[in-house]
Amino acid sequence: GFGAVDLGRQYAPFFIALDSIDPFGTGLPGQTPNLMLTPVRINNAIQYSSMNMGGFTANVLYGLGEVAGSTSKNRTVDLSVGYANGPINVVLAYDNVNNATNTNTQKLALLGGTYNFGPATLHLAYETEKDDLGLDYRDVMLGVSAPIGAGTVLASYIETKPDSGKIGAKQYGIGYTYALSKRTNLYTSYARINNDSGAAFYVGDASSGGSVPKAGDSSSAVTVGIRHKF
């Protein structure tokens, strides 16, 4: 009834929140992390996860920086609050991390959710990225997933836009998964990123880092595979 306390290298609550609303599951080409900045795993972490309280859950993580003589260098604070009930899933997350010299702090905030209205599920996300160096972005994701028989069609549009300069990008993704059993499925996915003249974002997925294009060039990738969960 208290919840849970976990120690060690762990998935960030911010990443888990984003994963829960990404139609591509932060894994296939078309995934949100290609354009939307997110921490994935945090080292030396202490995390508290609450019990489910009428659909509400919360996670708070503190990552120790392990820099001698300082409690703030390399330090991470990451938290999320979620509400899931019936067709609605809403998440709010925040991440704050200092660099090793304590000269720059990165701050991320996320608000998003999904709504299943029967024939399809709508996916929405809005993220802000800020740091002390003035590199500020605003990211938007609009997606949909729709079951068709034993399969599901996935699609999303993501745009990252800076406060100034031509360093933004747009991503278009489409995919399809087909369930062979409860734990095994076939999948395919395609995504393309159109970069502004000063940007070099690229399409990657959970099994491939992708390749960095020249600034202003586009990036695309396609994948086909089979996945078994065990």
Practice problem: Could you tell me whether Tyr202 atom OH has more than 12 heavy atoms of other residues or ligands within 6.0 Å of it? | Solution: no

Quiz item: Going through the checks in order, is the ring pair (Phe, Tyr, Trp, His ring centres under 6.0 Å) test met by Tyr62 and Tyr48?
Solution: CA-CA 9 Å; Tyr62 185 88; Tyr48 168 71; over 10 Å; no

Quiz item: Which pair of heavy atoms, one from Asp78 and one from Pro39, lies closest together, and at what distance?
Solution: OD2-CG, 3.6 Å

Quiz item: Between Glu159 and Met141, is there a donor-acceptor pair closer than 3.5 Å when you use the side chain of the first and the backbone of the second?
Solution: no

Quiz item: Counting N and O atoms only, with roles assigned by atom type, does the side chain of Asn185 sit under 3.5 Å from a partner on the main chain of Ala179, one being a donor and the other an acceptor?
Solution: no

Quiz item: Are the side chain of Ser50 and the backbone of Gly3 linked by a donor-acceptor contact shorter than 3.5 Å?
Solution: no

Exercise. Give a yes or no on whether Val203 and Leu37 share a hydrophobic cluster (residues Ile, Leu, Val, Met, Phe, Trp, Tyr; joining criterion: side-chain heavy atoms under 4.5 Å apart).
Key: yes

Quiz item: Ignoring hydrogens and geometry, is there a side-chain-to-backbone donor-acceptor pair from Asn52 to Gly55 under 3.5 Å?
Solution: yes

Quiz item: Distance from Asn43 atom CG to Leu64 atom CG, nearest 0.5 Å?
Solution: 11.0 Å

Self-check item: Ile46 with Phe2, same ILVMFWY side-chain cluster at under 4.5 Å
Solution: yes

Quiz item: Less than 4.5 Å apart, any side-chain heavy atom of Gln171 and any of Tyr157?
Solution: no

Quiz item: How about Phe14 and Glu127: do any of their side-chain heavy atoms sit closer than 4.5 Å?
Solution: yes

Quiz item: Does Lys107 pair with Asp132 as a salt bridge, N-O distance under 4.0 Å?
Solution: yes

Quiz prompt | Exercise: identify the closest heavy-atom pair between Pro147 and Pro119 | solution = CD-O, 3.5 Å

Self-check item: hydrophobic_cluster_shared for Tyr115 and Val90, side chain cutoff 4.5 Å
Solution: yes

Self-check item: Pairwise side-chain contact, Leu92 with Ser80, heavy-atom cut-off 4.5 Å (strictly under)
Solution: no

Quiz item: Got a second to check how far Asp19's CG is from Thr32's OG1, nearest 0.5 Å?
Solution: 8.0 Å

Exercise. Verify whether the ring centers belonging to Tyr176 and Tyr190 lie closer than 6.0 Å.
Key: no

Quiz item: Is there a donor-acceptor contact under 3.5 Å linking the side chains of Tyr83 and Asn85?
Solution: yes

Quiz item: Looking at CD of Glu129 and NZ of Lys161, how far apart are the two atoms once the value is rounded to the nearest 0.5 Å?
Solution: 14.5 Å

Quiz item: Can you tell me how far CZ of Arg41 sits from CD of Gln10, rounded to the nearest 0.5 angstrom?
Solution: 12.0 Å

Quiz prompt | Shortest non-hydrogen contact from Gly165 toward Pro162 | solution = O-CG, 3.4 Å

Practice problem: Nearest 0.5 Å please: distance from the CD1 atom of Ile226 over to the OG1 atom of Thr184. | Solution: 6.0 Å

Quiz item: About how many Å separate OG1 of Thr26 and CZ of Phe15, when rounded to the nearest 0.5 Å?
Solution: 3.5 Å

Quiz item: Is there a side chain to side chain contact (heavy atoms under 4.5 Å, CB included) between Ile158 and Ile193 once you walk through the steps?
Solution: CA-CA 9 Å; Ile158 304 172; Ile193 290 176; over 6 Å; no

Practice problem: For residues Lys170 and Leu35, determine if any side-chain heavy atom of one lies less than 4.5 Å from a side-chain heavy atom of the other. | Solution: no

Quiz item: Are the side chain of Asp95 and the backbone of Leu108 linked by a donor-acceptor contact shorter than 3.5 Å?
Solution: no

Quiz item: Would you say the side chains of His123 and Thr114 form a donor-acceptor pair under 3.5 Å?
Solution: no

Quiz item: Does one side chain, of Asn59 or Ser49, offer a donor that lies under 3.5 Å from an acceptor on the other?
Solution: yes

Quiz prompt | Whether Ser208 side chain and Asp205 backbone form a donor-acceptor pair below 3.5 Å | solution = no

Quiz item: Going by atom types only, do Asp6 and Gln47 share a side-chain donor-acceptor pair under 3.5 Å?
Solution: no

Self-check item: Ser72 and Asn98 side chains, donor-acceptor separation under 3.5 Å
Solution: no

Quiz prompt | Criterion salt bridge (Lys or Arg N to Asp or Glu O under 4.0 Å) on Arg138 and Asp163, from CA distance to verdict | solution = CA-CA 8 Å; Arg138 285 168 174 74; Asp163 283 352; 2.6 Å; yes

Practice problem: Using the side chain to side chain contact (heavy atoms under 4.5 Å, CB included) rule, take Leu110 and Tyr94 through it: C-alpha gap first, then chi angles, then the decisive distance, then the call. | Solution: CA-CA 6 Å; Leu110 170 71; Tyr94 177 77; over 6 Å; no

Self-check item: Cluster check Tyr187, Val222: I/L/V/M/F/W/Y, side chain < 4.5 angstrom
Solution: no

Self-check item: Donor on one side chain, acceptor on other, Arg192 and Asn194, under 3.5 Å
Solution: yes

Quiz item: Taking C-beta and beyond as the side chain, do Asn195 and Ser218 meet within less than 4.5 Å on heavy atoms?
Solution: no

Exercise. Say whether, by atom type as modelled, one donor and one acceptor occur between the side chain of Asp131 and the main chain of Gly134 under 3.5 angstrom.
Key: yes

Practice problem: Indicate yes or no: at least one non-hydrogen side-chain atom of Ile21 is less than 4.5 angstrom from one of Asn89. | Solution: yes

Quiz prompt | Non-hydrogen side-chain atoms of Thr76 and Asn96 separated by less than 4.5 Å | solution = no

Quiz item: What are the two closest non-hydrogen atoms of Ala17 and Ala93, and how far apart are they?
Solution: CB-CB, 4.1 Å

Self-check item: Main-chain N/O of Phe24 paired with Asp22 side-chain donor or acceptor, under 3.5 Å
Solution: yes

Quiz item: Of all heavy-atom pairs between Gly168 and Ala199, which one has the smallest distance, and what is that distance?
Solution: O-CB, 3.4 Å

Exercise. Spell out, yes or no, whether Ile88 and Leu124 are grouped together once hydrophobic residues are joined by side-chain heavy atoms under 4.5 Å, including indirect joins.
Key: yes

Quiz item: Leu18 and Met36: side chain to side chain contact (heavy atoms under 4.5 Å, CB included), yes or no, with the steps?
Solution: CA-CA 9 Å; Leu18 187 62; Met36 299 176 68; 4.2 Å; yes

Exercise. Assess whether side chain to side chain contact (heavy atoms under 4.5 Å, CB included) is satisfied between Leu186 and Leu180, documenting all intermediate values.
Key: CA-CA 7 Å; Leu186 303 174; Leu180 298 176; 3.9 Å; yes

Quiz item: Which pair of non-hydrogen atoms, one from Leu142 and one from Leu122, has the smallest distance, and what is that distance?
Solution: CD1-CD1, 3.8 Å

Quiz item: Any side-chain heavy-atom pair from Thr152 and Ser145 closer than 4.5 angstrom?
Solution: yes

Practice problem: Using the six-membered ring wherever Trp is involved, compare the ring planes of Phe201 and Tyr137 and label them parallel, tilted or perpendicular (cut-offs 30° and 60°). | Solution: perpendicular

